[in-house]
Every structure is written in structure tokens, then in C-alpha cells.
Amino acid sequence: MLKNLLLVFALGALAVCAVYADIDSDLLDSAENGNANRVKSLIKQGADVNAKNKVGETVLNTAKTDEIEQYLKSKGAKEWNFGVVSKIL
């Protein structure tokens with residue numbers, strides 16, 4: 001019984017992680033495409049304002065418009081620190 005309960009819990013946790021991964025990817029795409037209304041909607045749904053793409057850029061770094069940048073900053077979004085890369089190179 002306990003094993004079944006733990007399995008159900010684990011599967012539920014995986015499903016939640018998958019949903020948030022999708023919502024964060026959608027947020028990154030929407031910011032990059034300049035869709036301010038979609039960005040606002042996704043953040044209200046719980047998307048991570050500091051989500052990063054595969055190369056480590058944050059939503060704020062990829063935002064296409066000033067409107068999106070200002071909204072993200074008002075929600076606590078941070079920029080990726082490019083200075084770290086320049087020190088390595």
C-alpha cells in the first residue's frame with residue numbers, strides 16, 4: 001500500500017514538473033516573439049520569471065520589447081550575467 005502511494009506521489013510530482021517546464025518554455029518563446037499579453041498570462045499562471053533557455057539566457061535577456069522587459073523586471077526577473085563568460089574567455 002505504501003509503495004503504491006509513493007509511486008502515485010512520484011508520478012504526480014513528475015507531471016507537475018513537466019507542466020512547469022512547458023510553461024517556462026512557453027514564457028521564453030513568448031518573450032522572444034514579443035507577445036506581451038501571453039507573457040503576462042503565463043506569469044500569472046505561475047511561470048518562472050527567471051527561467052533559462054538551453055544556453056542559459058533568462059527570459060529578460062530574450063525579451064523582444066521594452067514593455068516585456070519592464071513587466072518582467074516588475075515581477076523580479078534577473079538578467080544573465082554575461083561578465084562571467086567574458087572572464088572565462
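Everything numeric in this text was worked out from a predicted model, so none of it was measured.
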Fill in: Ion pair check, R38 and D26, cut-off under 4.0 Å
yes
Discussion item. If you compare all heavy atoms of T58 against all heavy atoms of K78, which two are closest, and at what distance to 0.1 Å?
Written reply: OG1-O, 3.0 Å
Practice prompt. Kindly give the heavy-atom pair with the smallest separation between I68 and N35, and that separation in Å.
Written response: CD1-N, 3.8 Å
Worksheet item: Which pair of heavy atoms, one from A63 and one from L72, lies closest together, and at what distance?
Response: CB-CD1, 4.1 Å
Worksheet item: What's the shortest heavy-atom distance between I43 and K75, and which atoms?
Response: CG2-CG, 4.3 Å
Worksheet item: Taking atom types as modelled and ignoring hydrogens, do the side chains of S41 and Q45 form a donor-acceptor contact shorter than 3.5 angstrom?
Response: yes
Item to complete: Determine the minimum heavy-atom distance between E57 and L28, stating which atoms define it.
Response: O-CD2, 4.3 Å
Fill in: Heavy-atom pair of closest approach, residues A31 and V59
CB-CG1, 3.6 Å
Worksheet item: Under 3.5 Å, side chain of D48 to main-chain N/O of N50, donor-acceptor pair present?
Response: yes
Discussion item. Between L60 and K73, is there a side-chain heavy-atom distance shorter than 4.5 Å?
Written reply: yes
Worksheet item: Got a donor-acceptor contact below 3.5 angstrom from the S30 side chain to the L27 backbone?
Response: no
Fill in: Derivation and outcome, side chain to side chain donor-acceptor pair (under 3.5 Å), residues E69 and T65
CA-CA 6 Å; E69 285 182 17; T65 68; over 6 Å; no
